[in-house]
Every structure is written in C-alpha cells, then in structure tokens.
Amino acid sequence: MRRVTPHPSPPPQGGRERLLAKIEPFLGRAVELPTAALVLVEIFVLLAGVISRFALHHPFVWTDELASILFLWLAMLGAVVALQRQQHMRLTAIVARFSPHAQERCRLLGVAVPALFLALLLPWAIDFAAGEWDIETPALGWSNLTGAAAIPFGFAAMLAVCLTRLAQFHWRELAIGAVVIGAWVLLFAFAAPVLKSLGNLNLIVFFVLLLGLAVLFGIPIGFAFGIATVAFLSCVTSVPLSIVVSRMDEGMSSLVLLAVPLFVFLGLLIEMTGMARAMVAFLAGLVGHIRGGLYYVLLGAIYLVSGISGSKAADMAAVAPVLFPEMKARGAPEGELVAILSASGAMSETIPPSLVLITIGSVTGVSIAALFTGGLLPGFVLAIALGLVAWRRSRGETPGQRAGAGAIARSFVVAFPALLLPVVIRFSVVRGIATATEVSTIGIAYAVVAGLLLYRRFDWRRLPSMLVETATLSGAILFIIGTATAMAWALTQSGFSRQLAQAMAGVPGGGFGFLLISIAAFVVLGSVLEGIPAIVLFGPLLFPIARAVGVNEVHYAMVVILAMGIGLFSPPLGVGYYSACVIGRVSPDAGMRRIWPYLGALLAGLLAVAAIPWLSTGFL
C-alpha cells in the first residue's frame, strides 16, 4: 500500500476535456493555501497554550477549543488535497499486474466509488452540521457549526474533485463503470432479505468480500472502509447513515490526533535543516570503521529519526541516500542494503514519537506517555537482533578508515542539537511540560531555532510546499481514521466484538496464547493494511480482550505494532518493502533473496518482547 499517482489518462482531446483538466488543478490550489495556513495556525495556537501555562503561569482556556475546531477543518481540507493529488493510501500491487486496459478500468472505479460514497453521505453531513447550530462551545461561545461545517464542506469539495476527474474519462468507460457499480447496488438491494437472515455471517459479505475486493482493486482504503460500512448499514440495518457522519466526526476530532500533522511537519523540518544528516555523520565517525559499522549506523540513525515524520518512507529517505554510496563502495551488495533498510523500518515502529503509538492511545485510551516510555526498549531489542545478522553477513566487506578523536568530537558537537531533539520530546511528555499533542510544537520550535541559528540551513522557499505536504499526508491518515471509526462502530453494534472476545479469550495458553494469535493476525494485517488503519479498526476490539486475559495494554501495544511492522515490510505483499526498494534504487528481486534472515531476526526479537513483558513495562 502506498500513496502513489496512478497512470495518467490519455491527454484530453476536446475543448471540454481541456477545460476540465484546468478546473481540477484550480480546485486543488484553492484548497491548498488555506490548508497550509491552518497547519501554521495550529502550531502557533498550541505553542501559545504551552507558553501561557508553563512560562506565564496564566493558561489560555481557549487554546484547546480553538485548536480542536481548526483541526477538523485541517483534517477535511487535507483529505481534499490528498484526493486531488491522488495520495490517499491504496493497495496497488494487484492492479499493477493487470493489463493497461484493465488498470484504466480500476482507475475509473477508484474515482467512481469515492464519488458514490461522498454523494450518499453529503445530505446527511449537511443535516449533521445544521444540528450543531444551537450548541455553543464552552470557552469561546461559538456555535458548534463552526467546526462541524468542515465535514459537509470537505465532502462537497472531494465530490467536486471526483466529478471533475470522472468527466475526463471516455463515455464508454464511464458507461461500463456505471453498469458495474449499478449491478453491485442492485445485487445488494435484492439480496438484503437474505443477508439479514444470515445474522452476523453477513459481516463476511460486507467486511471481508466487499471490503477486500475494494482494497484489492485499488479503491483508496479510507473510501473502501466507508463504502463497506454504508452498504452494511443500508442493507441489513435500519440505522440512518447520519451515524457514519457522526462517527467520522468523533474519530477525526480527538485533539490527541493533532499530533499527526505536527509531527509530520517536524520530520520535514529535520530533513530540511540538515539535522538528520548531522546525526548520521556522527554515528558514521563513531563506528563506521568496524566490521559492519555502516549497518549499525543505519540502524542507529533509523532508531533516532523514526516516527517523527509520520512516514516510514520519509524516515528511510532521510538516511539511505547519505549511507548507501559509501556502503556500496565498501563492497556491500545492493540487495543486502535494501534488505536491512526494509527491516529497520519494521524494527523502529514502536520508537516514539511514533504516530502509530499516538493513534493507539487515541482509539484505546492507553496513556500516550506510557506508550512513549514503553516503546524504546522493544525497538532496541529488535535493533540488536538485526545488528547480529548484519555482523554475520558483513564479513566480506572492506572496513573503513578509523576517524580520529578530533573528527569524532567535531561531528558530535555538530550533531548534539539533533541528538538532543528526541530527548527533549520524550522529557517534555513524561515530565508533564506538554501533552503528546503540544510537545510536537516544542519540537518544531526547537528545530526552527536549531536550523536558523546553529545549522544555518533553513530554506524559506520550501516552507509552503512542506506545509501542503504535511496537510496532504495528515488528511489521508485522518480520513482513514474517520471511516475506520465508523466501521468499527458497525462491527461493535453487530455483536462481532463480543463473539471475537469469546473466541480469542478461549485460545489455549492464556495471555501468551492470545499474544501468539495476535502476532499471526497482525503480521497478515500489516501486509495488507498500514499500521494506522489496522489499529483504528481492530484496536477497540482487541485491547479489551487483552485486558480480560491479563495482558498489560502497553505490552500488548508493543507486540501488535511490531507484528504489523514485520508484515508491512515483508515481501511479497508488504508494500513497505517496495518503498525501501524505490528509495534505495534497487530491484525488489535483489533484496528479496537477502531479507529473510533479517525477518527471522525480527520475529525472534518480537517473540522475546512478547515473552518478557518487562521489556515493554519495566520503566513505566
């Protein structure tokens, strides 16, 4: 699964097509500017709250409320920009194997299905927003409509993007797409009585078959969740579709999730200011001369920068271009490089400030400060396991020259501000200086000051594009969280969670047996879905079961996150592996032969983390 731009349509031929091709970029630009501005405003609002509380000792009571209102607008407008840029998360591995003609049909469905979902829910979204008119916010005294209006506005804007894009297809393709979608709608309409009689077996039809087909054929994952939920509620329940809108509002409105765009922006700042490069240079000077030294540098660098950007691809892209040329010069096979790069992405999933950790805390109620503390040691255990494999497989490489003490000292002085950033972030959360949401603004302020005054690298011209990129990635993530929240509600109301709890609670082996079943399940889920969609969907269902069988929630969070990471970066289905290949500019075939020892080390480390709860909870 990756955020990609699908193969473009044939060039427009007529005047109408040329006009439509101009309208879509115009819609994108009209949304991008206010969305980028919202990211900046959110940073300043939350930073003002921190300063007023801890520096001025006179907290502003309105900051969280204003930030929450603006955040819903940021989430929806970011989803619009992501749709316009075709960067919503989707599975592309299956569609890429089709013929060009079949790929074009799938691309049409990838636009038409979201358009259908948005058209069905837009009237309900308008009613939902109108119902908030008479409710006032407690601190500002504003109508709740100021925030709730973001949902119908976002739906309408995304629908406009979809319709504009659909109008660029040939009428024959549109007719075929209408027939296919219409046939599915009629099929479910006529089959509704039979589906109702199946009881909870109908969940397989909607949330396995329909959802699975939508994902496999390239429908953006957020919209696949949404259309499966709408189909289920429409066919076998009498629940109005307004519940989907209200659940999406609940899922996307959590102030904790505001950390998502802010940490994404922080990651971009770290790359732009040269802080990531400084960390890598220091580690290379420290251990780069020993056997397998640059492998350890890669693992250490990924450990330090992981989770801050919100994208594993961004984490790997910050490190690989710096190290790979020298590693190749020392004789490392390119397949070996991409294998350890991919494995390091799985290893670092629990390292704070991981967006997956923040998401788990948001949807399950587990303390984010506890998750930040508990995630460090499990990631370190897996890093040691990978380092042992790297030591064994680097026997034939030429060692580098030992850096002098003076050079190491100089590189340490340069890297010290960058190395201090993860410490500042964790210290601020654990000590209560800032919440998990607010701490990202402290990190941003720190990175800006370091970039301007210490590293003297701050390209102001890149700032607008960085803000838009932040909003785009955040909108794609938050839209998935919104639709997955609605889907999780439907599954819960159906009684599925109770049946699942009974089945998994009866697994032999007690708590450890439950952990083993969870590892197997989340490795599979990780190879199909990225961590955040899977966690939002299954976290509310499985964490209560973990409590019931005596598994600590922080311990369970570490186990399932690492299991998903292994699935995400495991070929042939794990798309994180293919992202590593693209970043390393290495053929997937070259790495596929060499990655299995690293995956074995990851699995061994994961089993150790599962068997020894202290590794996750010892410092809580």
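- Shown are Val113, Leu166, Val180; of these, the side chain to side chain contact (heavy atoms under 4.5 Å, CB included) with Leu108 is made only by Leu166.
- Contact between Ala156 and Leu122 at its shortest, heavy atoms only, is N-CD1, 4.0 Å.
- Each salt bridge (Lys or Arg N to Asp or Glu O under 4.0 Å) pair with one or both residues in residues 169-185, not counting sequence neighbours, appears once here: Arg105-Glu173.
- Residue Leu118 comes nearest to Cys162 through the heavy atom pair CD1-SG, 4.2 Å, listed as atom of the first residue, atom of the second, then distance.
- Among residue pairs with one or both ends in residues 235-244, none qualify as side-chain hydrogen bond (donor to acceptor under 3.5 Å, both in side chains); sequence neighbours excluded.
- Between atom CG of residue Leu83 and atom NE2 of residue His88 there is a gap of 5.0 Å, rounded to the nearest 0.5 Å.
- We find the CE-CD1 distance between Met564 and Ile519 to be 12.0 Å, quoted to the nearest 0.5 Å.
- Minimum interatomic distance between Gly539 and Pro544 (heavy atoms only, all atoms of both residues): O-CD, 4.0 Å.
- Closest heavy-atom contact between Gly78 and Thr35: N-CG2, 3.9 Å.
- One distance of note links CD1 of Ile151 with CZ of Phe128; it measures 5.0 Å at 0.5 Å rounding.
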Show every donor-acceptor pair shorter than 3.5 Å between a side-chain atom in residues 201-229 and any protein atom, with sequence neighbours excluded, or say none if there are none.
{"unit_1": "Asn202", "atom_1": "ND2", "unit_2": "Leu195", "atom_2": "O", "d": "3.1"}
{"unit_1": "Asn202", "atom_1": "ND2", "unit_2": "Gly199", "atom_2": "O", "d": "2.6"}
{"unit_1": "Thr229", "atom_1": "OG1", "unit_2": "Phe225", "atom_2": "O", "d": "2.8"}

### Message
Using side-chain contact (heavy atoms from CB on, under 4.5 Å), reason through Met487 and Phe232 one step at a time and then give a plain yes or no.
### Response
CA-CA 9 Å; Met487 184 173 168; Phe232 170 74; over 6 Å; no
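- Shown here for Ala557 and Ile360, the closest heavy-atom pair between the two residues is CB-CD1, 4.0 Å.
- Rounded to the nearest 0.5 angstrom, Phe71 CZ and Glu42 CD are separated by 7.5 Å.
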### Task
Run the numbers on Val366 and Tyr556 for side-chain contact (heavy atoms from CB on, under 4.5 Å), then give the verdict.
CA-CA 11 Å; Val366 181; Tyr556 187 62; over 6 Å; no
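- For the pair Arg85 and Glu32, the salt-bridge criterion is met [side-chain N within less than 4.0 Å of a carboxylate O].
- Between Phe98 and Gln103, the shortest heavy-atom contact is O-NE2, 3.0 Å.
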